[in-house]
Amino acid sequence: MEPRLSVSQITTFRSPFAEDVRLYAAAGLDGIGIWELKLPEGGDAEALELLEASGLERASAIPAVPSIGPLPLFGGIEDPQARVDAYCRSLERLAPFAPGAVVLLTGIGERETIVDGLRTIAGEAARLGLTIALEPYHRDDAADWSIVSSIPEALDLIADAGDPPNVGLQFDVWHLWSEESLFDDIAAHADRFAGVHVADRREPTRTWVDRALPGEGAADVPAILRALDAAGWDGLYDIEIFSDDGTFGHELAGSYWARPAEETLARAQAAFERCWSMTPQEVEETR
């Protein structure tokens with residue numbers, strides 16, 4: 001089956017919501033990953049109308065406050081309860097856009113606090129008919145982002161919160177590519193995936209806001225895509241590229257955010273398609 005391709009709006013960070021919708025549809029993409037920070041203040045109705053007219057499916061959405069505990073490198077509210085309240089308000093705002101799921105990071109803090117926050121968020125999401133996608137964060141950087149870094153760790157946390165039926169996992173190639181049990185985890189737990197993010201791990205990684213296009217980094221993206229397909233993933237493959245242009249303090253050489261959005265989209269699509277079509281032998285020949 002041919003993959004259905006989406007792009008997360010952070011990939012085209014500098015273009016406004018309406019421009020993203022126009023460009024993504026014109027590029028022939030199947031879907032869009034909505035970032036709340038892109039929604040125009042007071043313009044949700046118009047944004048939704050544009051989106052529905054475009055025919056684009058919705059991948060996982062990212063709320064303005066994306067975690068329960070604080071995120072030291074991302075900033076924002078410190079108090080976990082205030083963060084949970086903000087996240088729930090974002091669920092209310094995002095619900096009309098019918099995202100495939102809404103991404104949730106744990107943030108840092110005590111496990112009990114995170115579990116309590118997850119229960120509250122799951123309940124509010126259920127009321128709104130939404131799915132929560134808990135996202136593990138790459139083990140090397142997790143101290144500033146998350147208390148879970150693998151699929152089993154994330155599932156254990158969900159179990160601690162009572163296994164709410166509307167809480168799944170956000171599978172992210174950039175975060176999970178180096179986990180030793182990755183391929184076994186995909187085969188065993190793909191039915192728990194609520195969304196899939198695709199990017200590659202640049203080595204060396206210059207900052208947390210520095211991701212490579214699929215197939216242009218250290219991860220074996222073709223093998224991971226084959227494993228997801230074999231395990232039965234039939235949702236959107238959502239390309240999500242962070243590439244700081246100075247916004248987060250690092251003006252990276254070659255930043256995709258500093259390039260025209262049309263160019264970044266074309267390169268991202270081509271990179272994904274190369275990875276999807278590569279055989280194991282072709283992968284070996286490129287290494």
With sequence neighbours left out, which residue pairs that include part of residues 247-258 fulfil the salt bridge (Lys or Arg N to Asp or Glu O under 4.0 Å) condition? none
Among residues at least two apart in sequence or on other chains, which ones pass side chain to side chain contact (heavy atoms under 4.5 Å, CB included) with Ser181? Asp185
Which residues pass the side chain to side chain donor-acceptor pair (under 3.5 Å) test with Ser8, sequence neighbours left out? Trp35
Filter on side-chain hydrogen bond (donor to acceptor under 3.5 Å, both in side chains), then keep only pairs touching residues 77-90, sequence neighbours left out; what's left? Glu36-Ser90, Ser67-Arg83, Gln81-Asp85
Considering residues at least two apart in sequence or located in another chain, which fulfil the side chain to side chain contact (heavy atoms under 4.5 Å, CB included) criterion with Ala231? Ile186, Ala190
If the condition is salt bridge (charged side-chain N to carboxylate O under 4.0 Å, His left out), which residues does Glu52 pass it with, not counting sequence neighbours? none
For Ser149 and Glu153: C-alpha separation, side-chain torsions, deciding distance, then whether side chain to side chain contact (heavy atoms under 4.5 Å, CB included) applies. CA-CA 7 Å; Ser149 295; Glu153 289 172 7; 3.7 Å; yes
Would you sort out whether Phe171 and Trp233 count as a ring-ring contact (aromatic ring centres under 6.0 Å, His included), showing the intermediate values? CA-CA 11 Å; Phe171 181 94; Trp233 174 252; 8.8 Å; no
Side chain to side chain donor-acceptor pair (under 3.5 Å) with Glu240: which residues, sequence neighbours excluded? His197, Arg211
Give every residue pair that meets the ring pair (Phe, Tyr, Trp, His ring centres under 6.0 Å) criterion with at least one member in residues 244-270, sequence neighbours excluded. Phe13-Trp257, Trp208-Phe248
For Ala133, enumerate each residue passing the side chain to side chain contact (heavy atoms under 4.5 Å, CB included) test, keeping only those at least two apart in sequence or located in another chain. Ala101, Gln170, Ala194
Taking atom types as modelled, is there a side-chain donor on Ser15 or Asp20 under 3.5 Å from an acceptor on the other? yes
Return the set of residues passing ring-ring contact (aromatic ring centres under 6.0 Å, His included) with Phe17 (not counting sequence neighbours), or none when no residue passes. none
Hey, could you give me each pair passing salt bridge (Lys or Arg N to Asp or Glu O under 4.0 Å) that has a residue in residues 9-19? Not counting sequence neighbours. Arg14-Asp245, Glu19-Arg22
Please enumerate all residues that pass side chain to side chain contact (heavy atoms under 4.5 Å, CB included) together with Asp116, with sequence neighbours excluded. Glu112, Arg119
